[in-house]
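Remarks on the structure that follows.
Each chain gets a letter, A, B and so on, in the order the sequences are listed, and its residues count up from 1. The shown structure was predicted, so the numbers you read here are calculated from the model rather than taken from an experiment.
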Amino acid sequence: MASKEVELWVQDQLHDVIGMSDRYIAEFLISLAEKSNSSGHFLQKIQDTGTLDVNDKVTRFASELWNKKKRERKEEKSRKKNIRKREETSSSSSSDSEPEKKRSNRQSPSSSSDTEDEEKERLKDLEERDAFAKRLRDKDKDRTKNKADKGSKKAFEEAKKRLELAEKDRRSMIPDLRKSSRRDYLKRRGVDKLQELEEDIADDEYLFSKDELTERERKDIKYKKTVLSLAKEHRKAGDKLKEGRYYMPDEDEKPLEKYVEPTAEEQRPGFEQRQWEEEHVNKGVMKFGAKDAKKKHKEKEYDFVVDELDEIEFVSMLQMPGSHEEEPREKQMSEAEKKKMTIQDVRKSLPIYPFREDLLKAIEDHQVLIIEGETGSGKTTQIPQYLYEAGYTKGDMKIGVTQPRRVAAMSVAARVAEEIGVKLGNEVGYSIRFEDCTSERTVIKYMTDGMLLREFLSEPDLAGYTALIVDEAHERTLHTDILFGLVKDIARFRPDLKLLISSATLDSDKFSEFFDDAPIFRIPGRRYPVDIFYTKAPEADYLDACVVSVLQIHLTQPDGDILVFLTGQEEIETSLEILQERARKLGNSIKELIVLPIYSTLPSDLQAKIFEPTPPGARKVVLATNIAETSLTIDGIIYVIDPGFCKQKSYNARTGMESLVVTPISKIQRTNLGNVVLLLKSLGINDLIHFDFMDPPPHETLVLALEQLYALGALNHKGELTKLGRRMAEFPVDPMMSKMILASEKYKCSEEILSITAMLSVNNAVFYRPKDKVVHADNARMNFFTAGGDHLTLLNVYNQWAETNFSTQWCFENFIQHRSMRRARDVRDQLVGLLERVEIELTSNSMDTVAIRKAVTAGFFYHTAKFSKGGSYKTVKHQQSVMIHPNSSLFEEQPRWLIYHELVFTTKEFMRQVIEIENQWLLEVAPHYYKAKELEDGSSRKMPKTVGKSKD
DNA sequence: GAGCACTGC
């Protein structure tokens with residue numbers, strides 16, 4: 001936990017060290033220090049950001065800060081005790097004392113301490129809450145029995161499809177490659193990188209010559225040397241190498257037939273035949289980013305290219321060798337041979353296989369094990385099977401495996417089901433939001449980490465599991481972080497539960513430390529060699545460079561589609577135009593170039609175009625945002641152009657220190673913790689301040705979340721979960737939303753509120769607004785405007801869509817994004833189920849917009865703003881100046897009082913999704929939070945009367 | 001008068 005004291009100290013020092021100071025920089029440096037395992041390491045990290053010249057001052061500062069943090073951590077550790085009580089929330093009085101104090105000062109309805117009545121009410125509520133929780137548990141028991149087969153066929157097919165298109169490994173490989181390419185690009189930007197590297201090595205040798213080096217440091221130095229020598233060789237080779245690259249062909253020269261000196265391999269007899277076979281095998285299996293071991297082809301087919309016309313300067317070039325290189329490349333097998341390879345053979349060929357026995361032994365010996373292994377080592381698919389084969393699932397016990405992404409959970413489960421030879425959903429299943437493909441037979445269960453978190457609600461001790469694998473732990477989502485704290489705790493009182501934390505190389509030490517120095521099991525080796533090229537990417541005009549690269553590839557390289565990563569819609573549209581224009585100019589002299597854009601807000605029918613097979617003789621270019629990085633797979637892509645730029649506007653990014661922003665400061669600061677707090681409280685964790693987070697969120701963020709939950713009525717004045725809070729926890733939405741949903745019971749409009757919630761949760765992706773049809777799109781949007789505000793407009797959209805029987809065509813005609821609507825429907829369906837679960841009836845009251853708006857107010861009274869002057873608003877609690885977003889239906893109306901759904905800071909502080917309310921409602925729905933005095937209008941003029949019916 | 005992208009429940 002970053003203490004205020006240290007932060008202030010850093011801010012102070014910064015003036016001296018870099019001549020300026022800023023809170024965010026201070027926060028950033030502190031978090032950097034926290035993540036470093038020595039002050040030297042910390043200094044290196046500072047250096048890596050490329051923003052500070054490392055001089056004496058900086059060095060001294062770094063060492064002081066690191067030591068401060070170290071001391072702080074020590075103190076923290078000794079203070080921490082596991083205070084948590086594990087039974088279903090007891091009504092004991094152990095609770096957060098801090099927020100309580102704050103609350104009683106500021107917000108308690110009566111300033112006096114607990115009256116008798118209050119105490120009675122509290123106890124009654126707790127009783128009701130526990131009774132409710134028990135009912136839920138009973139319900140869950142019944143339900144798990146008939147989960148089987150529900151929707152599993154559809155899910156099975158879907159997963160199969162996904163599997164064919166994509167394997168998990170390639171999904172994670174591409175982002176890894178991109179990440180490392182970006183990281184290195186940033187690290188190495190500068191004038192002469194080679195020189196710097198040389199100096200670096202010299203420095204290392206000088207600085208650490210006397211120290212005992214760790215394995216990694218040795219590796220690191222060796223790596224640097226390899227890079228240097230390769231790069232030097234490359235330089236020497238100079239033009240000779242360049243010739244092998246793209247160039248603009250002369251008119252009469254056929255680029256593809258350019259003569260190349262035959263290699264030894266080529267001179268061996270039968271080469272052409274082999275080459276032909278290879279080509280055809282590859283045609284069959286070539287897919288974008290297919291880095292997986294199963295498809296057997298080498299990685300070299302993908303070039304990461306960014307270059308200017310004929311000036312390609314590699315900053316560094318190296319091959320990360322694969323441990324299996326000495327074996328014949330399986331790629332060279334004939335198709336018939338390939339088929340012979342049974343699933344078992346494939347399993348045995350994975351890098352993890354030789355370690356099977358050792359691994360099982362280690363798992364047997366240790367309760368918690370950190371598993372470190374490269375992507376592609378087979379850990380995700382194999383370890384659960386090893387455990388299964390070793391009998392860990394005897395007696396209907398389960399092995400749980402978490403994945404950070406839905407598709408990963410699905411496709412890996414499908415893969416493993418296939419390997420074991422069972423139907424997906426039977427012994428092997430997966431569980432993700434909107435889709436539960438498991439049955440009572442399921443013993444290996446893949447799921448998203450968020451799903452496991454939800455599972456805690458109904459099974460707080462995870463009694464059904466003998467082993468839990470947290471895969472891709474290095475991705476560190478908020479969910480996994482919480483999961484770590486929970487499982488670490490569970491492991492203490494369930495010694496039979498095995499805990500495996502699987503991670504790529506970087507962070508295993510940190511995981512080990514967190515899990516009380518758990519041993520690390522390393523799986524060495526990489527299945528296939530991977531080539532990485534870093535280019536000295538020009539910072540300016542990189543868009544142009546991309547376009548040039550595309551054309552170069554098109555003109556000079558063999559068939560195969562191109563994928564270009566760009567940062568946003570605007571750039572995609574620009575390059576689309578340029579490419580089409582240039583291709584047109586070249587006319588019939590070149591093969592057809594099909595340019596297709598893809599970004600998240602593009603309607604799905606247009607998105608689908610990128611999956612259509614490329615016609616013979618043509619080449620497809622896909623211009624994509626990061627969307628393609630993780631969530632889709634395109635056949636036929638052979639060339640990937642990645643300029644290494646990543647737009648990352650963080651909440652804090654307004655400091656002008658852009659290079660610092662490359663590392664986001666903390667996900668937690670941008671996330672609403674309320675949800676998490678509610679979940680933890682529901683799990684009986686009362687003392688959140690001392691919850692064992694791997695990286696604790698800022699203290700204030702936690703306290704704020706607690707305060708907000710109190711105001712919403714989810715916690716009582718002792719910080720205990722109320723019945724309302726327990727019910728709210730069931731909903732996978734932010735607390736204000738779940739409060740709004742629960743409040744709809746009282747106003748008899750739960751149907752409407754659910755629709756609104758669903759629509760709000762697909763935020764800002766409802767209306768489609770293509771650049772070339774702005775006017776039409778805006779008109780279409782305005783046609784949906786409904787008196788009262790944006791929530792009602794969204795409701796209107798949903799209802800109209802529902803009336804057309806959820807028609808795609810209708811969406812198309814009305815500039816509505818069908819994909820978002822489908823998601824809204826999924827969300828809504830889920831919410832309907834949950835509403836039933838928390839014992840609330842579905843009721844509809846669509847005409848009474850006052851009721852609907854009151855329900856909204858009951859959840860969002862925090863977000864009240866009052867008209868001030870000059871078209872601007874002031875938030876009631878913080879007197880912050882805000883504006884209505886220009887897209888809002890109330891942009892011109894400017895009602896006196898309104899509730900906003902969220903604040904976004906772009907060019908100004910905007911309220912997005914606003915709804916008109918009356919100030920009196922605030923007293924009705926949140927009397928404990930608002931005093932009548934705060935809500936005085938300050939004007940003699942009365943508000944237009946709209947009570948009972950909305951205008952219009 | 002606006003406008004980076006993506007993941008998860």
Q.
Could you tell me if A:Ser755 and A:Arg828 have a donor-acceptor pair between their side chains, going purely by distance under 3.5 Å?
A.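 Judged by distance alone, the side chains do pair up.
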
Nucleotide [N], atom [atom2] - distance to [atom1] of [X] in whole Å:
X: A:Leu452; N: B:dC9; atom1: CG; atom2: P; value: 12 Å
X: A:Asp734; N: B:dG8; atom1: CG; atom2: P; value: 17 Å
X: A:Arg823; N: B:dT7; atom1: CZ; atom2: C1'; value: 10 Å
X: A:Ile482; N: B:dT7; atom1: CD1; atom2: P; value: 21 Å
X: A:Ile572; N: B:dC6; atom1: CD1; atom2: P; value: 9 Å

Q: Please confirm whether any donor atom in the side chain of A:Arg912 sits under 3.5 Å from an acceptor in the base of B:dA2, or the reverse.
A: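 Side chain to base: no pair below 3.5 Å.
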
Q) Partners of A:Phe767 by ring-ring contact (aromatic ring centres under 6.0 Å, His included), sequence neighbours excluded? A)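 A:Phe767 satisfies ring-ring contact (aromatic ring centres under 6.0 Å, His included) with no other residue.
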
Q.
Below 30° counts as parallel, above 60° as perpendicular, anything between as tilted: where do the rings of A:Phe691 and A:Phe693 land?
A.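 The rings of A:Phe691 and A:Phe693 stand perpendicular, inter-plane angle above 60°.
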
Categorize [X] for me: base, sugar-phosphate, or nothing, with a 4.0 angstrom heavy-atom threshold over every strand shown.
X: A:Arg433; answer: base
X: A:Ile432; answer: sugar-phosphate
X: A:Phe910; answer: sugar-phosphate

Q: Check every atom of B:dT7, B:dC9, B:dG1 against the side chain of A:Pro732 and return the nucleotide holding the closest atom.
A: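 For the A:Pro732 side chain, the nearest candidate turns out to be B:dC9.
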
Q.
Among B:dG1, B:dC9, B:dT7, which nucleotide has an atom closest to any side-chain atom of A:Asn887?
A.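 Per side-chain heavy atoms of A:Asn887, the pick is B:dG1.
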
Q. For A:Ile578, which residues count as a side-chain contact (heavy atoms from CB on, under 4.5 Å) partner, sequence neighbours excluded?
A.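 For A:Ile578, the residues satisfying side-chain contact (heavy atoms from CB on, under 4.5 Å) (neighbours in sequence not counted) are A:Val547, A:Thr574, A:Arg582.
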
